[in-house]
Amino acid sequence: MKRSTFLMALVAGLLGCAAPDQMRSEVTRFNQLPATGGSALLVAADPRKSSDPMFRLYARRASDRLQGAGFKLAAGGEPDYVVQLDYWQQPVEGGHDDSSPRLSLGIGGASFGGHSTVGMGVGTSFSLDGRNRDPLALRMVSVVIERRADGSRVFEGRAQSVGPAGNFAGAVPYMIDAIFTGFPGENGKTITVNAVVEPAR
């Protein structure tokens with residue numbers, strides 16, 4: 001079955017439960033943590049984002065989730081782990097958001113290791129009345145945990161969703177939550193996490 005045919009069949013089966021403010025995040029986690037806990041320093045994976053006010057907001061959310069998972073936050077020194085947080089989005093060609101009920105679907109994967117990459121990203125959106133407004137985007141959030149002593153990567157979580165490009169800032173905190181749902185999770189398994197996102201104003 002061609003990929004496009006598969007996506008159409010999957011969307012047709014889910015249309016009845018779609019809602020304008022519902023976000024579905026596909027989350028893949030690769031876990032080699034010996035145990036949760038220890039001290040952790042949270043940093044921006046891209047140093048240029050360190051001074052971004054939004055990074056501070058997202059870092060606070062991720063820090064709360066790390067503490068909830070049993071980690072002790074470190075402000076410096078020599079923590080047991082370094083946690084790298086990253087986030088970005090890219091346009092979905094030909095996709096638009098609208099104010100009517102619709103379904104947005106994101107499918108993707110990641111590979112664990114020193115050169116981890118997103119395998120693919122496919123986004124599709126179906127409007128029920130044709131009123132196009134905001135462009136859609138494929139939104140990505142990544143959390144990587146490395147052991148400071150030897151630099152080995154012990155956890156990687158990636159979440160992706162499709163939604164209005166203009167509401168990226170509102171979606172990121174929920175995607176961080178999705179990565180930490182059932183943390184650290186089963187190695188290599190992809191789960192779907194639903195959330196209700198406040199519309200951008």
With heavy-atom distances below 4.5 Å as the criterion, would you say the side chains of Thr190 and Glu26 are in contact? yes

Does any part of the side chain of Val27, heavy atoms only, come nearer than 4.5 Å to the side chain of Thr192, both counted from C-beta? no

Under the salt bridge (Lys or Arg N to Asp or Glu O under 4.0 Å) definition, can you give me all pairs with a residue in residues 37-46, not counting sequence neighbours? Asp46-Arg48

Side chains of Leu66 and Asp64, heavy atoms from C-beta outward: is any pair under 4.5 Å? no

Starting at OG1 of Thr36, measure out to CD1 of Ile145 and round the result to the nearest 0.5 Å. 9.5 Å

Output all residues satisfying side-chain hydrogen bond (donor to acceptor under 3.5 Å, both in side chains) with Arg139, sequence neighbours left out; order by chain, then residue number. Ser161

Which pairs with one or both residues in residues 162-173 pass salt bridge (Lys or Arg N to Asp or Glu O under 4.0 Å), sequence neighbours excluded? none

Does the Asn187 side chain pair with the main chain of Asn31, one donor and one acceptor, at a distance under 3.5 Å? yes

With rounding to the nearest 0.5 Å, note down the distance linking CE in Met140 to OG in Ser25. 10.0 Å

Can you give me the closest heavy-atom contact between Leu136 and Pro164, atom names plus distance? CD2-N, 3.8 Å

Only pairs under 3.5 Å count here: list side-chain donor-acceptor contacts from residues 174-182, not counting sequence neighbours, and write none if there are none.
from, atom 1, to, atom 2, distance (Å)
Asp177, OD1, Arg61, NE, 3.1
Asp177, OD1, Arg65, NE, 2.7
Asp177, OD1, Arg65, NH2, 3.2
Asp177, OD2, Arg61, NE, 3.4
Asp177, OD2, Arg61, NH2, 2.7
Thr181, OG1, Asp177, O, 2.9
Thr181, OG1, Ala178, O, 3.4

Please tabulate, for the side chains in residues 73-84, all donor-acceptor contacts under 3.5 angstrom to protein atoms that are two or more places apart in sequence or on a different chain.
from, atom 1, to, atom 2, distance (Å)
Asp80, OD2, Ser39, N, 2.9
Asp80, OD2, Ser39, OG, 3.2

Please give me the minimum heavy-atom distance between Tyr58 and Pro173, naming the atom from each residue. CE2-CD, 4.0 Å

Please determine if Glu146 and Arg148 form a salt bridge, counting it only when a charged side-chain N lies under 4.0 Å from a carboxylate O. no

Main chain of Ala165, side chain of Gln89: is a donor-acceptor contact present, judged purely on distance under 3.5 Å? yes

State, with a plain yes or no, whether a side-chain heavy atom of Val193 is found less than 4.5 Å away from one of Arg24. no

For Asp52, check side-chain hydrogen bond (donor to acceptor under 3.5 Å, both in side chains) against everything at least two apart and list the hits. Tyr87

Can you list every pair that meets ring-ring contact (aromatic ring centres under 6.0 Å, His included) and has a residue in residues 34-53, with sequence neighbours left out? none

CG on Asn167 to CE on Met23, rounded to 0.5 Å: 9.0 Å

Do you know which two heavy atoms are closest between Leu85 and Ala62, and how far apart they sit? CD2-CB, 4.3 Å

Test side chain to side chain contact (heavy atoms under 4.5 Å, CB included) applied to Ser50 - qualifying residues, sequence neighbours left out: Ala44

CZ of Arg147 to CZ of Arg153: how many Å apart, nearest 0.5 Å? 13.0 Å

If you apply the rule side-chain contact (heavy atoms from CB on, under 4.5 Å), what do you find for Asn194 with Gln22, and how did you get there? CA-CA 7 Å; Asn194 295 325; Gln22 180 171 314; 4.0 Å; yes

Going by side chain to side chain contact (heavy atoms under 4.5 Å, CB included), name the residues that satisfy it together with Lys189, two or more places apart in sequence or in a different chain. Glu186, Ile191

Excluding Val144, membership of its hydrophobic cluster (Ile, Leu, Val, Met, Phe, Trp, Tyr; side-chain heavy atoms within less than 4.5 Å) reads none

Passes side-chain contact (heavy atoms from CB on, under 4.5 Å), Phe71 versus Ser63? Steps please. CA-CA 9 Å; Phe71 289 93; Ser63 295; over 6 Å; no

My understanding is that only residues two or more places apart in sequence, or in another chain, count here; which of them pass side chain to side chain contact (heavy atoms under 4.5 Å, CB included) with Leu57? Met54, Arg60

Do the non-hydrogen side-chain atoms of Phe183 and Leu33 ever get within less than 4.5 Å of each other? yes

Taking salt bridge (Lys or Arg N to Asp or Glu O under 4.0 Å) as the test, write out the residues that go with Asp86, two or more places apart. Lys49

